[in-house]
Amino acid sequence: MLPFILNNRWVKPESPEGTVLLDFIRTDQRLTGAKEGCREGDCGACMVLVGRLKHGQLHYTQNVSCLLPIAAVAHCHVVTIEGLNRQTLSPLQQFFVDEYASQCGFCTPGFIISLTAYLLNGTQMDDEEALSYVDGNLCRCTGYSSIRRALSKLNQTYGAELIDYSVPAQRIRRLIELNLLPDYFSYMEKQLQTPPRQPSGQPLTKDDGARTIVAGGTDLFVQQADDLREHKLAFMQNTRGIVIEDNRCYVDAAFNVQELQNHPQLQHHFPRMHQWFRLIASMPVRHRATVGGNIINASPIGDLSVWLLALDVTVVLQNGRRTREIPLKDFFVDYKTLAMTEDETVQLVYFDLPRENYFFHFEKVCKRTYLDIASVNGAMFLRTREERIDTIHLALGGVAPVPLYLKQTVHFLQGCPVTADTIHEALRILESEIQPISDVRGSADYKRLLAGRLLWAHLYPYYPDLVEKEVL
Amino acid sequence: MSPTADHNLHVSGTARFIDDIPVRRDTLYAAVLTSQKAHARITALDTAAAGRQPGIVRIFTAGDIPGDKTIGNIFQDEPLLASDEVVYRGEPLTLIVAETMRAARMARKFINVQYDELPAVFDARQAYDQGRLIAPPRTFVLGDVDKAWPQCDIIVQDRVESGHQEHLYLETQGAYAYMNDHLLKVISSTQSPGAVQKMIARILNIPMHLIEVEAPRLGGAFGGKEEQATNWACLCALAAYNLKRPVKLVLNRREDMNYTGKRHAYTSDFKIGLNRDGKILAYEVFMFQNAGAFADLSTSILERSLFHAANSYDIPNVKATAVSCRTHLPPNTAFRGFGGPQAMFVIEAALDKACHAMAMDKLSIQGKNLLQSDSVFPYGMGAKSDGARRCWQSAMDIYQTDSRQKALTTFNRKNRRFKKGLALMPICFGISFTSKFLNQAGALVHVYNDGSVRISTGAVEMGQGVNDKLRAVAARVFSIDEERILLDTTSTARVANASPTAASTGSDLNGMALKTACEIILSALKQFVARCHDIDDPEQIILNNETVQVNGQSIDLSWDKLIQEAYLERVDLSAHAFYATPHLFFDRQTEKGQPFAYHVYGTGVVEVTVDALTGTYTIDRMGIVHDLGKSLHTQADLGQVEGGVAQGLGWMTMEEIIYSDEGKNCTDTLSTYKIPDIQFMPDDLQVEFIEASGRDSGLFHSKAVGEPPFMYGIGVYFALLNAIRAFRPNAETYYSAPLTPEKALFMLTGQNNKQNVSEKKLTLEKKKY
Ligand SMILES: Cc1cc2nc3c(=O)[nH]c(=O)nc-3n(C[C@H](O)[C@H](O)[C@H](O)COP(=O)(O)OP(=O)(O)OC[C@H]3O[C@@H](n4cnc5c(N)ncnc54)[C@H](O)[C@@H]3O)c2cc1C
Ligand code: FES
Ligand code: FES
């Protein structure tokens with residue numbers, strides 16, 4: 001196994017590469033500050049910071065260590081709560097103590113880690129942004145009010161001044177001066193640059209058949225962490241990032257959801273994107289979860305899949321040197337069945353960036369607004385010309401064995417004016433296209449009802465009068 | 001905050017929970033194989049193949065238990081390991097002990113269990129019809145409802161349901177056990193070390209003095225580790241005692257959610273009658289409690305449902321009946337509120353229904369019917385306090401509910417898609433264990449000769465802040481700095497026969513015992529000072545801020561010096577003391593008595609916004625006026641209120657346990673069972689403490705705080721209904737908690753009725769997405 005820095009020293013794990021980091025730090029390293037609360041990325045008790053070199057600069061993100069294979073942190077700097085401790089409490093820790101923001105204390109190390117990620121990366125430095133960094137941390141005791149008070153205090157004390165430090169290394173230096181990070185953070189960037197850089201994990205090679213392909217691992221390690229421990233893993237590398245050429249946007253399959261959310265050009269085209277993406281998983285999971293993983297996962301309620309269907313993306317598949325393309329709407333064949341062979345991997349998705357007169361809208365309905373899986377989700381792309389629908393794409397999740405592109409509804413709506421009659425007729429067609437089932441996320445009747453309501457919800461921002469008149 | 005407080009350990013990740021304790025090198029790991037059927041005869045249980053798997057040390061079945069085969073504190077009816085018959089899915093069958101946790105878990109699939117399936121019942125009413133009861137029904141009566149009905153101007157009746165709730169303590173159940181010479185030491189994440197010790201003694205058939213049970217700290221409990229930590233500690237002890245090697249047993253989340261009981265689901269029928277002026281004349285309720293397969297604490301919980309059947313209302317004629325029904329689900333257990341919330345939800349629903357039918361404002365009806373000083377509870381105890389009314393009035397004033405109500409009406413008139421609703425929730429909760437014998441506690445205090453103090457009580461710290469409160473008590477009695485005081489873990493070796501830390505009584509009972517113990521030492525110190533300084537009356541001596549004063553004058557004697565000198569003069573600097581709550585009695589024949597030391601009152605205000613298009617909603621604002629007496633520790637108390645509210649809100653909105661037709665918990669992960677997250681909680685949540693009734697309260701006139709705030713959460717159900725009605729005045733609303741966005745959307749659209757919602761045909765699909 002390749003080495004990584006754990007807090008302030010290099011470690012070279014002997015465990016199989018599929019061992020999750022949480023087990024390695026708790027059992028092998030006897031660092032028990034990170035807790036096991038769920039082992040499926042949903043509680044945040046196991047949170048760690050992972051620092052990676054990107055273009056020579058060290059960037060830290062908070063990750064759930066229960067879904068992170070140790071091979072994925074090769075040549076990274078992993079920080080557990082122990083790695084933040086000094087002789088005395090840091091101001092962040094002290095605010096938690098002062099505000100009584102821990103009760104049983106089981107969740108607390110996770111919160112401290114996530115808020116350290118916030119201190120390292122926050123750009124607005126206000127309470128709303130701080131909250132978004134702890135969206136993957138659950139606490140059953142406090143009801144969160146005291147935690148909110150602690151983070152408000154943090155912002156009041158340090159927020160304004162930290163905004164000025166936007167270069168990571170400078171921010172780190174300032175945080176050390178403010179006693180918010182231990183000194184050793186100052187030489188981690190150098191430390192990581194010193195050993196010969198090797199790609200983390202095993203790069204894809206010809207005998208990949210024998211390996212399990214891991215992108216972010218946020219699906220794989222929930223489903224089959226036990227089996228994967230002994231497996232050989234092959235990591236998808238994000239080599240291309242996002243490229244925009246001739247108004248076409250190419251996204252590397254291994255691009256992660258958080259980076260997608262933060263991408264300035266995409267935000268320009270989809271101004272509410274930031275808000276919508278906050279509905280997907282949690283920040284620590286988004287840092288790992290990839291576009292390709294979401295598609296291959298083929299979950300009937302995959303949020304990104306639904307999003308991408310409404311953008312009518314094309315998937316680029318690769319097998320050795322051969323590549324081929326397929327529209328995403330033809331890619332999902334049946335429950336967890338995809339129009340690809342075992343030897344193929346997803347390399348890219350691409351779509352044409354929309355021009356004027358278009359609307360894009362995403363809706364996700366679940367029991368809990370954040371960090372929950374949808375009962376039904378949906379996205380709509382709509383472009384009008386002279387009061388008529390010029391282009392429309394509609395996708396729905398949770399109503400079929402696959403993320404569903406509503407082919408017939410779309411076909412019907414093409415060229416229609418946006419009127420009550422056409423929408424009612426479209427809904428009748430939509431009804432015939434879906435086959436929801438009852439499960440823990442809702443009854444079939446509910447999902448059927450929601451499917452229709454989401455179409456109205458998509459239209460609401462643009463045709464409020466129409467929607468109010470018809471259904472409200 | 002004292003540097004010895006737990007919080008410093010929490011924030012640095014150095015607070016050790018069971019799974020964090022460094023284990024001895026020869027430690028073994030245990031996993032449990034449980035029943036895959038809800039009800040079946042076991043026709044074969046073959047562990048031979050599993051025993052041959054690498055790393056397996058021993059597999060225990062029921063036959064390997066040397067003593068009693070069953071556990072349980074009220075009724076000892078629950079097999080530690082099932083042998084002939086299983087009565088719920090998740091019931092332990094065998095204990096697998098291996099060199100690694102992984103090996104122990106993996107070996108499960110090699111155990112061959114053959115079942116002969118039997119019919120199973122999951123519904124409380126159905127169980128009742130079949131006569132499957134834990135105990136006969138009980139009825140509390142005040143006045144005569146039958147005589148009152150004819151005088152009522154309006155009578156409404158309906159059914160009310162509330163679902164199971166998972167505790168979701170963040171630390172799962174677990175224990176670590178090892179032999180120390182003769183002694184079997186068990187470290188357990190339990191609220192009741194005393195009960196765990198007793199059960200281990202019974203199953204191993206050894207005396208209690210050979211067993212020490214210690215609870216270091218709990219990563220949350222909420223009632224879930226009062227009775228149900230015992231199984232795992234017993235199993236762990238069984239293995240360690242037998243194999244003479246340390247054994248650790250920690251459940252993972254999915255195991256925990258499948259094997260352990262929840263808050264009891266209730267289904268109830270009510271009938272309520274009011275006169276034209278809105279005075280409640282009569283209230284009748286029949287509550288069916290879904291107990292699960294074994295008694296656990298169900299009968300006590302049921303009793304509390306009866307105590308709180310009328311919540312904060314003065315109703316002259318009440319007939320409340322409740323029955324604990326035996327089903328084929330994991331035995332349900334204590335959970336914050338202990339049956340109180342389920343009963344209070346019913347009376348609030350009854351009032352909602354009546355007010356809606358009479359087209360009267362619910363706030364005025366609630367306000368009009370609140371308890372007063374001369375009110376009598378259906379169980380015969382007098383209220384002797386106007387706390388209910390004082391809290392209610394303060395809430396109306398502080399949160400300006402009248403003007404908020406108007407603002408909401410205006411908002412609703414202007415907006416078509418989004419509708420707002422408001423509701424008030426008064427609470428009244430009795431403090432004491434309703435089993436009289438449990439109202440006892442002991443405390444042990446050592447003052448070391450350098451002036452530092454170490455305290456042991458029977459109270460278990462699980463996040464509720466009991467240690468901070470106890471520290472405050474000792475600091476107050478000795479008038480010393482809190483930094484001098486260390487709170488010990490809870491151990492049966494230091495305090496024997498301790499009651500569980502539960503029923504919100506932890507600080508009251510243990511604090512009283514501690515106060516007495518400190519006073520014993522204080523009195524010895526005063527007599528010592530009196531002797532040395534020729535003072536006739538030791539009561540002229542006080543300790544003030546670490547110095548000794550005589551008649552208000554400081555003499556040159558600091559705490560440090562005092563202790564040193566007292567030690568040299570052979571004064572006993574240790575004390576043990578005991579406390580038993582006085583004046584409690586309850587007659588279960590007449591169902592009358594004085595079961596509580598006092599009551600806690602309060603009122604919660606909640607405001608919500610519903611999206612009429614999608615049925616989703618947000619909680620915008622909450623205000624709470626809570627009767628705390630004189631707080632021992634304001635931050636700890638505030639934390640209890642805020643945390644309790646969050647759980648109550650979760651119970652009413654998103655927390656939904658769904659059992660399949662085969663009795664399988666389909667919501668056994670955090671991805672399918674949702675609890676409030678930070679963004680769900682309202683940005684604006686204000687808590688005001690008042691001293692609504694100081695006279696009859698507890699320790700230093702403080703009041704217990706653990707459970708009551710949970711019930712403020714109930715208000716959200718009715719705020720949501722009000723918002724839904726603002727959109728659709730004739731909406732077919734019903735009372736079936738949690739009010740998920742699914743139910744909200746059905747009510748908003750009128751497209752479905754409750755039958756279709758509760759019909760749950762579930763595909764048992766393993767995969768998440
Ligand atoms: C707590 C939590 C919350 C979540 N919430 C949401 C949510 O709200 N919405 C949502 O949509 N999803 C959610 N997910 C699911 C998951 O995070 C996403 O589906 C994610 O996009 C998966 O990406 P990944 O890179 O982690 O996939 P991985 O787990 O790495 O891979 C998934 C599958 O795809 C294969 N694979 C990955 N990349 C490729 C490729 N390029 N070519 C071929 N095969 C590939 C893998 O072999 C594997 O079979 C959640 C997960 C967790 C743990
Ligand atoms: S253990 Fe819950 S997120 Fe990792
Ligand atoms: S303090 Fe107990 S879970 Fe957060």
**Request:** Flag the one option from L131(A), L92(A), I81(A) with the top tally of heavy-atom pairs under 4.5 Å to chain B.
**Result:** I81(A)
**Max heavy-atom pair count under 4.5 Å with chain A, selected residue of R417(B), R105(B), M462(B), H167(B)** = R417(B)
**Item:** Distance, nearest 0.5 Å, that separates CZ of R253(B) from SG of C66(A)
**Value:** 11.5 Å
**Request:** Mind running side-chain contact (heavy atoms from CB on, under 4.5 Å) on D20(B) and R26(A) for me, showing each step along the way?
**Result:** CA-CA 8 Å; D20(B) 303 335; R26(A) 280 184 62 84; 2.7 Å; yes
**Request:** First locate atom OG1 of T667(B), then atom CZ of R441(A), and finally report the distance between them rounded to the nearest 0.5 Å.
**Result:** 10.5 Å
**Prompt:** Is it the case that more than 12 heavy atoms not belonging to E230(A) sit under 6.0 Å from its CD atom?
**Reply:** yes
**Request:** Could you check F746(B) against D445(A) for side-chain contact (heavy atoms from CB on, under 4.5 Å), going step by step and ending with a plain yes or no?
**Result:** CA-CA 9 Å; F746(B) 282 142; D445(A) 285 347; 4.1 Å; yes
**Request:** Could you tell me the separation between the CG atom of D372(A) and the OH atom of Y673(B), rounded to the nearest 0.5 Å?
**Result:** 12.5 Å
**Request:** Please flag which part of T614(B) lies under 4.5 Å from any non-hydrogen atom of chain A: side chain, backbone, both or neither.
**Result:** both
**Request:** State, yes or no, whether a side-chain contact exists between Y169(B) and C104(A) at a heavy-atom distance under 4.5 Å.
**Result:** no
**Prompt:** With only heavy atoms counted, which part of A636(B) is less than 4.5 Å from chain A, the side chain, the backbone, both or neither?
**Reply:** both
**Message:** Quick check on L138(A) against chain B: is it the side chain, the backbone, both or neither that has a heavy atom closer than 4.5 Å?
**Reply:** both
**Request:** Please report the C-alpha distance between S671(B) and E40(A) in whole Å, then the side-chain angles of each, then the deciding distance to 0.1 Å, and finally whether the side-chain contact (heavy atoms from CB on, under 4.5 Å) criterion is met.
**Result:** CA-CA 8 Å; S671(B) 55; E40(A) 52 166 347; 3.3 Å; yes
**Message:** At a 4.5 Å cut-off on heavy atoms, which part of P738(B) comes close to chain A: side chain, backbone, both, or neither?
**Reply:** neither
**Item:** Contact class of R39(A) relative to chain B, heavy atoms under 4.5 angstrom
**Value:** neither
**Message:** I'd like to verify something: which residue of L170(B), L613(B), L685(B) has the highest number of heavy-atom pairs under 4.5 Å with chain A?
**Reply:** L613(B)
**pair F222(B)-C141(A): side-chain heavy atoms closer than 4.5 Å** = yes
**Message:** Could you check whether H633(B) and Y100(A) have their ring centres less than 6.0 Å apart?
**Reply:** yes
**Request:** Counting only heavy atoms closer than 4.5 Å, note whether R278(A) contacts chain B via side chain, backbone, both or neither.
**Result:** side chain
**Prompt:** Where on D683(B) is there a heavy atom nearer than 4.5 Å to chain A: the side chain, the backbone, both, or neither?
**Reply:** both
**Item:** Exercise: do Q679(B) and R368(A) side chains pair donor with acceptor under 3.5 Å
**Value:** no
**Asked** With distance as the sole criterion, is a donor-acceptor pair present between the side chains of S375(A) and E742(B) under 3.5 Å?
**Response** no
**Proximal component of R728(B), with respect to chain A [non-hydrogen, under 4.5 Å]** = neither
**Item:** Option in T172(B), L745(B), T616(B), V645(B) with maximal non-hydrogen atom pairs under 4.5 Å from chain A
**Value:** L745(B)
**Message:** What part of M681(B) gets within 4.5 angstrom of chain A, counting heavy atoms only: side chain, backbone, both, or neither?
**Reply:** both
**Request:** Please flag which part of T653(B) lies under 4.5 Å from any non-hydrogen atom of chain A: side chain, backbone, both or neither.
**Result:** neither
**Request:** Measure the SG-CG distance between C38(A) and D256(B) for me, rounded to the nearest 0.5 Å.
**Result:** 12.5 Å
**Request:** In sequence, state the C-alpha distance, the side-chain angles, and the governing distance for S12(B) and Q93(A), and then conclude on side-chain contact (heavy atoms from CB on, under 4.5 Å).
**Result:** CA-CA 7 Å; S12(B) 53; Q93(A) 291 170 321; 4.1 Å; yes
**Complete:** One should read off an interatomic distance between D465(A) CG and R416(B) CZ, to the nearest 0.5 angstrom, of 10.5 Å
**Item:** chain A contact via A612(B) - side chain, backbone, both or neither, heavy atoms under 4.5 Å
**Value:** both
**Message:** To check you understand the geometry: which heavy-atom pair defines the closest contact between G143(A) and A646(B), and what is its length?
**Reply:** CA-CB, 3.5 Å
**Prompt:** Counting heavy-atom pairs under 4.5 Å to chain B, which of L31(A), T369(A), L449(A), V467(A) comes out on top?
**Reply:** L449(A)
**Prompt:** Do Y370(A) and F680(B) have their ring centres less than 6.0 Å from each other?
**Reply:** no
**Request:** Counting only heavy atoms closer than 4.5 Å, note whether L9(B) contacts chain A via side chain, backbone, both or neither.
**Result:** neither
**Prompt:** What pairs meet the salt bridge (Lys or Arg N to Asp or Glu O under 4.0 Å) rule with one or both residues in residues 633-655 of chain B, with sequence neighbours excluded?
**Reply:** R140(A)-E655(B), R149(A)-E642(B), K469(B)-D637(B)
**Asked** D135(A) versus chain B, heavy atoms under 4.5 Å apart: side chain, backbone, both or neither?
**Response** both
**Asked** Side chain, backbone, both or neither: which part of D19(B) has an atom under 4.5 Å from a heavy atom of chain A?
**Response** both
**Request:** Measure the CG-CZ distance between N8(B) and F96(A) for me, rounded to the nearest 0.5 Å.
**Result:** 13.5 Å
**Request:** Using atom types as modelled and distance alone, determine if a side-chain donor or acceptor of R16(B) lies under 3.5 Å from a backbone N or O of T32(A).
**Result:** no
**Asked** Do other residues, nucleotides or ligands put more than 12 heavy atoms under 6.0 Å from the CZ atom of R30(A)?
**Response** no
**Prompt:** Does E36(A) pair with R254(B) as a salt bridge, N-O distance under 4.0 Å?
**Reply:** no
**Message:** Taking L371(A)'s backbone N and O only, do any of them form a donor-acceptor pair with K674(B)'s side chain (distance below 3.5 Å, no angle check)?
**Reply:** yes
**Message:** Donor-acceptor check, side chain of H10(B) to backbone of F106(A), threshold 3.5 angstrom: yes or no?
**Reply:** no
**Asked** Is chain B contacted by the side chain of V376(A), its backbone, both, or neither, given a heavy-atom distance below 4.5 Å?
**Response** neither
**Asked** Is it true that a side-chain atom of Y144(A) and a backbone atom of P676(B) form a donor plus acceptor pair closer than 3.5 Å?
**Response** yes
**Request:** Please list all pairs passing the side-chain hydrogen bond (donor to acceptor under 3.5 Å, both in side chains) test where one or both residues lie in residues 105-116 of chain A, with sequence neighbours left out.
**Result:** S114(A)-N137(A)
**Item:** Leading residue by heavy atom contact count with chain B [cutoff under 4.5 Å; candidates P109(A), G37(A), G33(A)]
**Value:** G37(A)
**Item:** Proximal component of S102(A), with respect to chain B [non-hydrogen, under 4.5 Å]
**Value:** both
**Item:** Toward chain B, the part of I147(A) with a non-hydrogen atom under 4.5 Å
**Value:** side chain
**Prompt:** Does a salt bridge link K367(A) with E656(B), judged by any charged N lying under 4.0 Å from a carboxylate O?
**Reply:** yes
**Message:** Does any backbone or side-chain atom of L454(A) lie under 4.5 Å from a heavy atom of chain B? Answer side chain, backbone, both or neither.
**Reply:** side chain
**Request:** Under 4.5 Å heavy-atom distance to chain B, tell me which part of D226(A) shows up: side chain, backbone, both or neither.
**Result:** both
